[in-house]
Undergrad: 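The structure's right below; bear with me while I get my questions together.
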Amino acid sequence: MLDVVGLHVEAGGQEIIKGVSFRVKEGETCVLFGPNGSGKSTLLSAIMGYSSCKITSGSIFFKEVDITHMAIDERAKLGIGMMMQRPPNVSGVRLGDLIGMSIGGGGDITKKASEFRMKEFLDRDINIGFSGGEIKRSELLQLTMQSPDFVLLDEPESGVDLENIKLIGEKVRDLLYLDRVHSCKCCRRHVSSLVITHTGQILDYIGADRGYILQNGLIRCSGRPSDILDDIRKNGYKECISCKMIRTE
């Protein structure tokens, strides 16, 4: 579903992503690990098409369409959605209005917002005065109402207390393993995803198919997410940092 080929990306005048290639298959959940400053958020932002990231070479294909230089709205229309780690505050735009525009006015926004404990926030400006957990719930609510085919999740559990992590984990699971009605009326389709995590807490709620370690702008290795996480918890990233080989399966 998503193919990233030889991608090089600059941000802030510096090359951050230095030749990354990987694939996320349809219905697959892939997890991206890596130390702070390794380029994980930049990679997701480049896939989503944010102007802060400049693709200098390489390609991004989604559903076999070259989206390398597409605008954000065009990528969204194709079915890509993103939950940001630190979304901006937006004065003068109500959360309920934004959700209504993103889904074309359809759907029961109030009912869905209640599931995310966000009903009382619908009339408030986006993220203004929200706590960390409230911002995460808001982002996830917006993403769920968009109903994308592919989601980019940038540290969905970061800055979230134990009470919120349970709700967020369950709602991420619902998003990824959503029952969708197709022509056959009975198909269950898993939404494809690429998830950044530092703590690994989100993996308690979702099944992950493949893990990647990104270090210094390069994918150093890939494998089973649980195995990678166990090794990181035991040894940190010192072995990846010292390793001069790029290992993938």
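Everything numeric in this text was worked out from a predicted model, so none of it was measured.
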Undergrad: For S138, what residues pass the side-chain hydrogen bond (donor to acceptor under 3.5 Å, both in side chains) criterion, not counting sequence neighbours?
TA: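 Scan of S138 (side-chain hydrogen bond (donor to acceptor under 3.5 Å, both in side chains), adjacent residues dropped) gives Q142.
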Undergrad: State whether R224 and D209 are salt-bridged, where the test is any N-O pair (Lys NZ or Arg NE/NH1/NH2 against Asp/Glu carboxylate O) under 4.0 Å.
TA: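 Salt bridge: no.
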Undergrad: Within the 4.5 Å heavy-atom criterion, are V90 and N127 side-chain neighbours or not?
TA: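 SC-SC contact between V90 and N127 ruled out.
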Undergrad: Using the rule that Ile, Leu, Val, Met, Phe, Trp and Tyr join whenever any side-chain heavy atoms are under 4.5 Å apart, tell me whether I206 and L229 fall into a single cluster.
TA: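 Result: yes, single cluster for both.
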Undergrad: Might you point out which heavy atoms bring G81 and P148 nearest each other, and give the distance in Å?
TA: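 Where G81 meets P148 most closely, the heavy atoms are N-CB, 3.9 Å.
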Undergrad: I need the minimum non-hydrogen distance between S131 and E134, along with the two atoms involved.
TA: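 Looking at all heavy atoms of both residues, the shortest contact is N-OE1, 2.7 Å.
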Undergrad: So K136 and N164, side chain to side chain donor-acceptor pair (under 3.5 Å) or not? Walk me through it.
TA: CA-CA 9 Å; K136 294 291 185 181; N164 274 300; over 6 Å; no
Undergrad: Is any side-chain heavy atom of R124 closer than 4.5 Å to one of L95?
TA: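 SC-SC contact between L95 and R124 ruled out.
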Undergrad: Who are the salt bridge (Lys or Arg N to Asp or Glu O under 4.0 Å) partners of K112, not counting sequence neighbours?
TA: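 Salt bridge (Lys or Arg N to Asp or Glu O under 4.0 Å) list for K112, sorted by chain: E115.
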Undergrad: In terms of hydrophobic clustering (I, L, V, M, F, W, Y; side-chain heavy atoms under 4.5 Å; direct or indirect links), are I128 and I99 co-clustered?
TA: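 Result: no, two separate clusters.
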Undergrad: Drop me the distance from Y50's OH to T42's OG1, to the nearest 0.5 angstrom.
TA: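 It comes to 12.5 Å.
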Undergrad: If you measure from CZ on R75 to CZ on F150, what distance do you get to the nearest 0.5 Å?
TA: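 The CZ atom of R75 sits 12.0 Å away from the CZ atom of F150.
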Undergrad: Do I196 and L43 pass the side chain to side chain contact (heavy atoms under 4.5 Å, CB included) test, and can you show the C-alpha distance, the side-chain angles, and the key distance before you say yes or no?
TA: CA-CA 10 Å; I196 294 176; L43 177 58; over 6 Å; no
Undergrad: Do T110 and L122 come within less than 4.5 Å of each other through their side chains, counting heavy atoms only?
TA: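 T110 reaches L122 side chain to side chain.
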Undergrad: Give a yes or no on whether the backbone of E155 and the side-chain of Q85 come within a donor-acceptor separation of less than 3.5 Å.
TA: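 It does not hold such a pair.
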Undergrad: Using distance alone, with no hydrogens and no angle criterion, decide if S41 and D154 have a side-chain donor and acceptor under 3.5 Å apart.
TA: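 Yes, side-chain donor-acceptor contact under 3.5 Å.
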Undergrad: Rounded to the nearest 0.5 Å, what separates atom NE2 in H198 from atom CD1 in I232?
TA: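 H198 NE2 to I232 CD1: 9.5 Å, rounded to 0.5 Å.
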Undergrad: Does some side-chain heavy atom of M82 sit less than 4.5 Å from a side-chain heavy atom of S45?
TA: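 They are in side-chain contact.
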Undergrad: Could you tell me how the ring of F22 sits relative to the ring of Y212: parallel (under 30°), tilted (30 to 60°) or perpendicular (over 60°)?
TA: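 Answer is tilted, since the angle falls between 30° and 60°.
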Undergrad: Short question: side chain of R94, backbone of I126 - any donor-acceptor pair under 3.5 Å?
TA: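 No; judged by distance alone, with no hydrogens or angles, the pair does not exist.
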Undergrad: Write down the atom of G27, the atom of S192, and the distance for their closest heavy-atom approach.
TA: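 Heavy atoms only, the tightest pair is N-OG, 2.7 Å.
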Undergrad: Between R23 (side chain) and V4 (backbone), is there a donor-acceptor pair under 3.5 Å?
TA: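 Not a single qualifying donor-acceptor pair exists.
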Undergrad: Considering all heavy atoms of both residues, which atom of I47 and which atom of I60 are nearest to each other, and what is their separation?
TA: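 Closest approach of I47 to I60, heavy atoms only: CA-CD1, 3.9 Å.
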Undergrad: Is Q14 reaching over with its side chain to a backbone N or O of A11, donor-acceptor style, under 3.5 angstrom?
TA: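 Flag not set: sc Q14 to bb A11 has no pair under 3.5 Å.
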Undergrad: Evaluate the side-chain proximity of T197 to V31: yes if any heavy-atom separation is below 4.5 Å, no if none is.
TA: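 They are in side-chain contact.
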Undergrad: Measuring from atom CG of L98 to atom CE of M145, what distance do you get when rounded to the nearest 0.5 angstrom?
TA: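 L98 atom CG to M145 atom CE measures 11.0 Å (nearest 0.5 Å).
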Undergrad: Looking at K63, I'd like to know if its NZ atom is crowded, meaning that more than 12 non-hydrogen atoms belonging to other residues, nucleotides or ligands lie closer than 6.0 Å.
TA: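 Counting neighbours around NZ of K63, more than 12 heavy atoms of other residues, nucleotides or ligands fall under 6.0 Å, so yes.
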Undergrad: Evaluate the criterion side chain to side chain contact (heavy atoms under 4.5 Å, CB included) for residue pair L175 and L143; output intermediate values, then yes/no.
TA: CA-CA 9 Å; L175 174 63; L143 191 58; 3.8 Å; yes
Undergrad: So do the side chains of M83 and V151 get within less than 4.5 Å of each other, counting heavy atoms only?
TA: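 When only atoms from C-beta onward are counted, V151 and M83 do not touch, as no gap falls below 4.5 Å.
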Undergrad: Does any non-hydrogen side-chain atom of F33 lie less than 4.5 Å from one of K40?
TA: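 When only atoms from C-beta onward are counted, F33 and K40 do not touch, as no gap falls below 4.5 Å.
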Undergrad: Report the distance from atom CG of N36 to atom OH of Y237, rounding to the nearest 0.5 Å.
TA: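 One finds 8.5 Å between CG of N36 and OH of Y237.
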Undergrad: Could you grab the distance from atom CD of E26 to atom CE of M1, nearest 0.5 Å is fine?
TA: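 CE of M1 is found 4.5 Å from CD of E26.
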Undergrad: Walk me through whether F116 and T144 qualify under side chain to side chain contact (heavy atoms under 4.5 Å, CB included).
TA: CA-CA 10 Å; F116 288 77; T144 298; 3.6 Å; yes
Undergrad: For the side chain of R233 and the backbone of T199, is there at least one donor-acceptor N/O pair under 3.5 Å apart?
TA: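 Confirmed, R233 side chain pairs with T199 backbone.
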Undergrad: Would you check if the side chain of S38 reaches a backbone N or O of L214 as a donor-acceptor pair within less than 3.5 Å?
TA: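 The answer is yes, because a donor-acceptor pair under 3.5 Å joins these two groups.
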Undergrad: Which heavy atom in I55 sits nearest to a heavy atom in A46, and how many Å separate them?
TA: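 What the structure gives for the nearest pair is CD1-O, 4.3 Å.
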Undergrad: If hydrophobic clusters are built from ILVMFWY residues whose side chains come within less than 4.5 Å, do I219 and V5 share one?
TA: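 Each belongs to a different hydrophobic cluster.
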Undergrad: Looking at every non-hydrogen atom in both residues, tell me the closest pair between I135 and P87 and how far apart they are.
TA: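 Here I135 and P87 meet closest at CG2-CG, 3.4 Å.
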Undergrad: With a 4.5 Å cut-off on side-chain heavy-atom distances among I, L, V, M, F, W and Y, is there a chain of contacts connecting V160 to L167?
TA: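 Not linked; separate clusters.
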Undergrad: Does the side chain of L2 come within less than 4.5 Å of F61's, by heavy atoms?
TA: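 A side-chain contact is absent here, since even the closest heavy-atom pair is not under 4.5 Å.
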Undergrad: For a side chain to side chain contact (heavy atoms under 4.5 Å, CB included) check, start with the C-alpha distance between Y205 and E170, then their side-chain angles and the critical distance, and finish with the verdict.
TA: CA-CA 6 Å; Y205 298 90; E170 290 173 349; 4.3 Å; yes
